[in-house]
Amino acid sequence: MIVLGIETSCDETAAAVVCSAGVGSRIRSNLVRAQAPEHAPYGGVVPEIAARAHLDNLDNVILRALAQAGVKLADIDGIAAAAGPGLIGGLIVGAMTAKGLAWGAGKPFVAVNHLEAHALTARLTHDVDFPYLVLLVSGGHCQLLVCEGVGRYTRLGTTLDDAAGEAFDKAAKLIGLGYPGGPAIEQAAGEGNALRFALPRPLKGRSGCDFSFSGLKTAVRHICVERGRLGPRDRADLAASVELAICEALVDRTANAIASFRRHHPEGKSLVAVGGVAANRRLRQRLAGLAETAGLRFIAPPPALCTDNGAMIAWTGIERLRIGLCDGLDASLRPRWPLDADAASRPGAGVKG
Ligand code: KG4
Ligand code: ZN
């Protein structure tokens, strides 16, 4: 099976061709046209600019993805596009393009949940069976989920306010490190002393698997206001302190989730980290240590497959098509689309997805 995947839910215009061959030889092409330069002057993603940039670039990205894979639309088995959660303008551009191509080529269309695509990336890159525990940490989402099968998720925890990536982005903006904040903080932190600034580890030591990052952001703001101009040393030390605080908060909540996962799914063997923040090396090291202590296998896709990409959308298309699932051309687009419809409502970013 071979599927074209299209991702336009936020600020990456991406398309990929993925097949159902063995692990390691599935991705035939994977193109990402990042919009960071367009959004950088505003310190975050501007939805209207994102939608227009998707419109300008998507056709070309799709054509190059097909050409690099050496396939024509007639050769593929389906067309998958992110249909939510995300920014509606971008979702419309990507999903309407996919629907048009599917109709024109007479191929099935798959409306993909962007969060499910992150969660299933582990099965694109590794041989991993259900159930597994997922830490999904990105710019818009911060959740702990048990992935029991395609379309079957139980949410153990979510953020009460900001997502982890949002915390990185907002802290970077306060420190003056630019956008996107996660990679900028990781780079600056490399030369910094993570113990210089005592920042809070929100909810650490409490029961449950929810997250909170707004207190951390406020603490960083106080430090920046108190000190006025930050020198390069201050910036590096503060970046390292922020990175450590976010990693420790994530690891603490994940430890609670592992305890619950073990109780309810003793057959489960893996802890998976996905989403843009899972590209962070310090976080990957900490989670690998946690998994080892718990006797779980730790899986994190390569960084380029943690951040938004078309391959994860195409792969989710394959996972759904091969169990007989596809969508009509009237499938709706959903700015909010929780993976676990039964999970309790929360005020924070988790509700977005
Ligand atoms: O998954 P993603 O590409 O888009 C969303 O679905 O949100 O995640 C983007 C987020 C941004 O907040 C970015 O700052 C963060 O992931 N991020 C990182 C790193 N790379 C990207 N955070 C920490 N360390 C990184 N290396
Ligand atoms: Zn994402």
Side-chain angles (χ1 to χ4, degrees), residues 5-14 30 32-36 39-40 43-45 47 50 82-87 90-91 94 112-121 134-143 145 159 162-175 177-190 192 194 211 213 216-217 239-240 242-251 272-287 300-313 315-316 335-337 339 349-350 352-353:
I6 295 173
E7 160 58 37
T8 54
S9 67
C10 191
D11 61 341
E12 324 280 0
T13 310
N30 187 25
V32 180
R33 197 268 183 201
Q35 300 175 3
H39 300 290
V45 178
L87 300 172
L91 293 173
V112 170
N113 181 311
H114 177 93
L115 302 177
E116 173 160 52
H118 275 304
L120 292 178
T121 305
V134 183
L135 173 67
L136 197 168
V137 271
S138 71
H141 305 279
C142 189
Q143 312 192 348
L145 300 155
T159 181
D162 292 345
E166 208 173 351
F168 269 110
D169 293 337
K170 287 179 177 171
K173 197 170 176 179
L174 289 165
I175 302 171
L177 288 172
Y179 171 85
I185 290 210
E186 176 163 23
Q187 203 192 350
F211 304 87
F213 291 104
L216 178 64
K217 178 184 63 191
V242 166
E243 185 184 53
L244 182 63
I246 294 176
C247 288
E248 288 193 350
L250 291 173
V251 166
V272 165
V274 288
V277 179
N280 185 278
R281 272 164 296 175
R282 191 196 287 260
L283 179 62
R284 291 163 86 100
Q285 278 163 11
R286 295 271 170 145
L287 290 171
L305 294 173
C306 285
T307 47
D308 290 349
N309 64 85
M312 68 181 192
I313 305 294
W315 175 252
T316 305
R336 293 181 177 225
W337 187 358
L339 272 182
K352 290 179 204 152

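Note that ligands are numbered from 1 as they come in the structure, with each ligand's atoms numbered from 1 the same way. Numbers for residues simply follow the sequence, beginning at 1. The structure displayed is predicted, hence computed values, not measured ones.
- Considering backbone and side-chain atoms together, T307 places no N or O closer than 3.5 Å to any N or O of ligand 1.
- Counting only heavy atoms of the protein, atom 26 (N) of ligand 1 lies nearest to E186 OE1, 2.6 Å.
- Nearest N, O or S atom of H118 to the Zn ion (ligand 2): atom NE2.
- The ligand atoms of ligand 1 that sit less than 4.0 angstrom from a heavy atom of G165 are 12 (O).
- Of all N, O or S atoms in D308, the one lying closest to the Zn ion (ligand 2) is OD1.
- Looking at G276 next to ligand 1, an N or O pair under 3.5 Å apart turns up.
- Here H114 reaches the Zn ion (ligand 2): one of its N/O/S atoms is less than 2.8 Å from the metal.
- For ligand 1, the atoms lying closer than 4.0 Å to a non-hydrogen atom of G140 are 7 (O).
- Counting only heavy atoms of the protein, atom 2 (P) of ligand 1 lies nearest to D308 OD1, 3.3 Å.
- One finds the NE2 atom of H118 at 11.0 Å from the CG atom of L305 (value rounded to the nearest 0.5 Å).
- At the shortest separation from atom 23 (C) of ligand 1 among protein heavy atoms lies G182 CA, 3.5 Å.
- Here's the thing with G139: one of its N/O atoms is less than 3.5 angstrom from an N/O atom of ligand 1.
- Using a 4.0 Å cut-off to heavy atoms of F168, the atoms of ligand 1 that qualify are 22 (N), 23 (C).
- Look at E243 and you'll find every heavy atom at least 4.0 Å from all atoms of ligand 1.
- No heavy atom of H141 sits closer than 4.0 Å to any atom of ligand 1.
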